[in-house]
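Remarks on the structure that follows.
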Amino acid sequence: MSQIKVDSVVPRGGIPSGADGGGVIQTVFEQKTSDYSTSNDDQFNDISGLSATITPSSSSSKILVTVSLTYNGSSNANILFRLIRGSSTALGNYTGSISALATAIAGCKITSNRPAPTTFQFLDSPSTTSSTSYKVQEYHSAGTFALNSINASNGFSGTSMIVLQEVSG
């Protein structure tokens, strides 16, 4: 005789009856294994292939965005990343008045030719049930920015990804 024993069954909506929210309803991700590099410095550039789209099941849902990157750049270059919803809405904006670069959500200063892994998360409230896209942009102050194939002479390469999780509100 077969038996199935569970503590609870979570409905398709992501949370059991009587709960306040926080259940993951769906997950979408895009993994970028190919190389990307650009010498377009001193501006934000879309990282091609590092975007994903999700269609929330409820307008009260939140989207947890997780981005993992393996990158490098020219020595002494400042590298910043920002997350864009749709075509132009920068998420995680600093509300002060220091500069347009304050729209960055993560970053570092490259001091040597070593890979610089970065992971960041942002919990967004798009308030829609329409298809919603997210993309990652990079800014580097000088030289070249490289993603994934960081130092071919040393045989180092990596992968980068963006993960979208709809979380019940």
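These figures come from a predicted structure and were not determined experimentally.
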Q: Determine the minimum heavy-atom distance between Phe44 and Leu80, stating which atoms define it.
A: CE2-O, 4.3 Å
Q.
Closer than 3.5 angstrom, by distance alone: can the side chain of Ser37 be matched with the main-chain N or O of Asp35 as a donor-acceptor pair?
A. no
Q. Would you say Asn148's side chain and Lys32's backbone share a donor-acceptor pair under 3.5 angstrom?
A. yes
Q) Under the salt bridge (charged side-chain N to carboxylate O under 4.0 Å, His left out) test, which residues partner Asp124, sequence neighbours left out? A) Arg85
Q. Of the non-hydrogen atoms in Tyr36 and Asn45, which two are nearest, and what is the gap between them?
A. OH-CB, 3.8 Å
Q: Measure across Asp41 and Gly143 and return the closest heavy-atom pair with its distance rounded to 0.1 Å.
A: OD2-N, 3.5 Å
(Q) Is a donor from one side chain sitting under 3.5 angstrom from an acceptor on the other, for Ser60 and Ser58? (A) yes
**Q.** Contacts of Thr159 that satisfy side chain to side chain donor-acceptor pair (under 3.5 Å) - sequence neighbours left out
**A.** none
Q: Give the minimum heavy-atom separation between Leu50 and Glu30, together with the two atoms involved.
A: CD1-O, 4.4 Å
Q: Go through the structure and list residues passing salt bridge (charged side-chain N to carboxylate O under 4.0 Å, His left out) with Lys135, not counting sequence neighbours.
A: Asp46
**Q.** Donor-acceptor side-chain pairing of Ser160 and Thr70 below 3.5 angstrom
**A.** no
Q) Are the side chain of Gln26 and the backbone N or O of Thr55 linked by a donor-acceptor pair below 3.5 Å? A) yes
Q) Is it true that the side chains of Asn78 and Tyr139 contain a donor and an acceptor less than 3.5 Å apart? A) no
**Q.** Closest contact, heavy atoms only, Ser168 versus Ser61
**A.** CA-OG, 4.4 Å
Q) Is it true that the side chains of Ser57 and Glu166 contain a donor and an acceptor less than 3.5 Å apart? A) yes
**Q.** Test side-chain hydrogen bond (donor to acceptor under 3.5 Å, both in side chains) applied to Thr118 and Tyr71, step by step
**A.** CA-CA 8 Å; Thr118 293; Tyr71 63 95; 2.9 Å; yes
Q) Do you know the tightest heavy-atom contact between Pro56 and Ser130? A) CD-O, 3.4 Å
